[in-house]
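Data block below; observations after.
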2 protein chains.
Amino acid sequence: MPKIVDHEKQKQLLAEATWRIIRRHGMEQASVRHIAEEAGISVGSLRHYFATQSELFAYSMQLVSERVDARISSLPFSGPPLEDMKKVLCQLLPMDEESRSEMEVWIAFMTKALADPSLKALGDQVFEKMRLGIHSIIESLVQLELAAVDLNVDLETARLHSLIDGLAMHAVIRPDSLSPERLEELVTLHLKSLCKL
Amino acid sequence: MPKIVDHEKQKQLLAEATWRIIRRHGMEQASVRHIAEEAGISVGSLRHYFATQSELFAYSMQLVSERVDARISSLPFSGPPLEDMKKVLCQLLPMDEESRSEMEVWIAFMTKALADPSLKALGDQVFEKMRLGIHSIIESLVQLELAAVDLNVDLETARLHSLIDGLAMHAVIRPDSLSPERLEELVTLHLKSLCKL
């Protein structure tokens, strides 16, 4: 089915062109015309894949989330539990140029979603998926009897979730202040602080 | 000097009109024309106060930061140290409609700053001021001998700073999940986790 593959591939190329425009010029410049130009196709051809700018944005936003999922699914889990948990959490942070680009675009979409209901539902869905993933990490700490005895699973889920998104945001807006090594160190510190002494 | 006062007052009204447009319609719609319309003045009159959109945005962004500073300066510090620290940190979170509105706008400006050098310098300046404020809270914990013995001031500054901004962002994008009481509870939990048992 080469045609279907090509269709999906072309949509991804358009999403990536959208990311580049947003990163380089900001959301205000991410018009359908600019994106088509960046992708090297006509506006008419772009409309063949995405009837509206909203559809293109929703797809581009979804693709960020799918890339993160794919990276987490392909992680080799083998080390001690805290090490594996750290690996998962680091996939939610800008650790290299690829993930930095994704997260920069994600923040732009989340900001746009505040005033754009068509993106809000998707944003909420990804937020909830991430919250559940972090919840299961905290629960694992309890089940493996690593957690401090008085650990409150719901509060600690909210704290870790906010910390991860705050670190991602800081690493995007101030890359110099948070290197990948520093991010890893902070995630490790936090996980250890949740554990028994 | 009623004229100077009026001039400053009018600039604040224009900044607040900018905030409303950004909150309601997003940054893409925050054109000088829309903002003038929202403020009920002509584009020509707006240009009398701000020659360019960049100047208006920089002023509007600066005003958010000044409002937060003013609230912190007017706090009554009287309680136990952890209580006073919590009070300061909560001023950096959306605890009511006013601060929610400020932080929603702040996030939009920080996102725009990623692709707009004219706003980036101001964003960096406020980031650094906030980092220093949080650093002095962590140092106070050490000086008051409340901190756990192995506390690393720099790492804990970065962790608390990211946590506060992550909580602010989550409370803005998912207000239902983080009530003011919940935010206070999380800040208290974190401060306590930094202290001796």
Side-chain angles (χ1 to χ4, degrees), chain A residues 21-31 53 93 104-116 119-120 123-124 127-128 131 148 151-152 154-156 158-174 176-178 182-183 185-190 193-194 197, chain B residues 21-31 53 93 104-116 119-120 123-124 127-128 131 148 151-152 154-156 158-174 176-178 182-183 185-190 193-194 197:
Chain A
I21 293 286
I22 291 173
R23 288 193 75 192
R24 220 180 292 142
H25 306 292
M27 193 57 94
E28 306 88 278
Q29 299 299 318
S31 64
Q53 189 197 39
L93 296 170
E104 202 172 313
V105 166
W106 185 258
I107 292 174
F109 279 126
M110 288 307 295
T111 309
K112 187 170 169 61
L114 285 171
D116 185 334
L119 295 178
K120 185 163 186 326
D124 283 353
F127 182 98
E128 187 56 21
R131 197 191 65 76
L151 183 143
N152 177 317
D154 284 344
L155 275 180
E156 294 302 353
R159 186 158 70 119
L160 180 52
H161 190 180
S162 296
L163 176 66
I164 292 293
D165 274 350
L167 285 171
M169 181 167 58
H170 281 193
V172 162
I173 61 175
R174 295 278 299 240
D176 300 343
S177 74
L178 285 173
R182 183 80 163 176
L183 289 169
E185 198 177 3
L186 283 159
V187 170
T188 303
L189 170 69
H190 191 81
S193 79
L194 298 175
L197 291 180
Chain B
I21 293 286
I22 291 173
R23 290 195 74 193
R24 221 181 292 140
H25 306 292
M27 193 58 94
E28 305 89 280
Q29 299 299 317
S31 63
Q53 190 196 39
L93 296 170
E104 201 170 314
V105 166
W106 185 257
I107 291 173
F109 278 126
M110 289 306 296
T111 308
K112 187 171 171 60
L114 285 171
D116 185 335
L119 295 178
K120 185 163 187 327
D124 283 353
F127 182 97
E128 188 54 21
R131 198 191 65 75
L151 183 142
N152 176 318
D154 284 344
L155 274 180
E156 293 303 353
R159 186 160 69 121
L160 180 52
H161 190 178
S162 296
L163 176 66
I164 292 293
D165 273 350
L167 284 171
M169 181 168 57
H170 281 192
V172 162
I173 61 176
R174 294 278 299 238
D176 299 343
S177 73
L178 283 173
R182 184 80 165 176
L183 289 170
E185 199 178 4
L186 283 159
V187 170
T188 303
L189 170 68
H190 191 80
S193 78
L194 298 174
L197 289 180

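Chain A is the first sequence line, chain B the second, and so forth, proteins listed ahead of strands; every chain is numbered from 1.
- When all heavy atoms are compared, the tightest approach of Ala115(A) to Gly26(B) is CB-N, 3.4 Å.
- Thr111(A) has its side chain out of reach of Met27(B): every pair of non-hydrogen atoms, C-beta onward, lies at least 4.5 Å apart.
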Could you list the donor-acceptor pairs under 3.5 angstrom formed by side chains in residues 159-171 of chain B, with sequence neighbours left out?
from, atom 1, to, atom 2, distance (Å)
Arg159(B), NE, Glu156(B), OE1, 2.9
Arg159(B), NH1, His190(A), ND1, 2.7
Arg159(B), NH2, Glu156(B), OE1, 3.1
Arg159(B), NH2, Glu156(B), OE2, 3.4
Ser162(B), OG, His170(A), ND1, 3.4
Ser162(B), OG, Ala158(B), O, 3.0
Asp165(B), OD2, His170(A), NE2, 2.6
His170(B), ND1, Ser162(A), OG, 3.4
His170(B), NE2, Asp165(A), OD2, 2.6

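- Using a 4.5 Å cut-off between heavy atoms, Asp154(B) touches chain A through backbone and side chain atoms alike.
- Met110(A) has its side chain out of reach of Val172(B): every pair of non-hydrogen atoms, C-beta onward, lies at least 4.5 Å apart.
- In terms of heavy atoms, Ile173(B) sits closest to Lys120(A) at O-NZ, 4.1 Å.
- Taking each heavy atom of Glu185(B) and Leu155(A) in turn, the nearest pair found is OE2-CD1, 3.8 Å.
- The candidate from Ile107(A), Asn152(A), Leu189(A) with the greatest count of non-hydrogen atom pairs under 4.5 Å with chain B is Leu189(A).
- Counting heavy-atom pairs closer than 4.5 Å to chain B, the top-ranked of the candidates Leu114(A), Leu194(A), Leu178(A) is Leu114(A).
- Annotation: side-chain contact (heavy atoms from CB on, under 4.5 Å) contacts of Arg24(A) (sequence neighbours excluded): Arg20(A), Glu38(A).
- For Arg131(B), no part sits under 4.5 Å from any heavy atom of chain A, backbone or side chain.
- For Arg174(B) against Asp124(A), the heavy-atom pair with the smallest separation is NH1-O, 3.2 Å.
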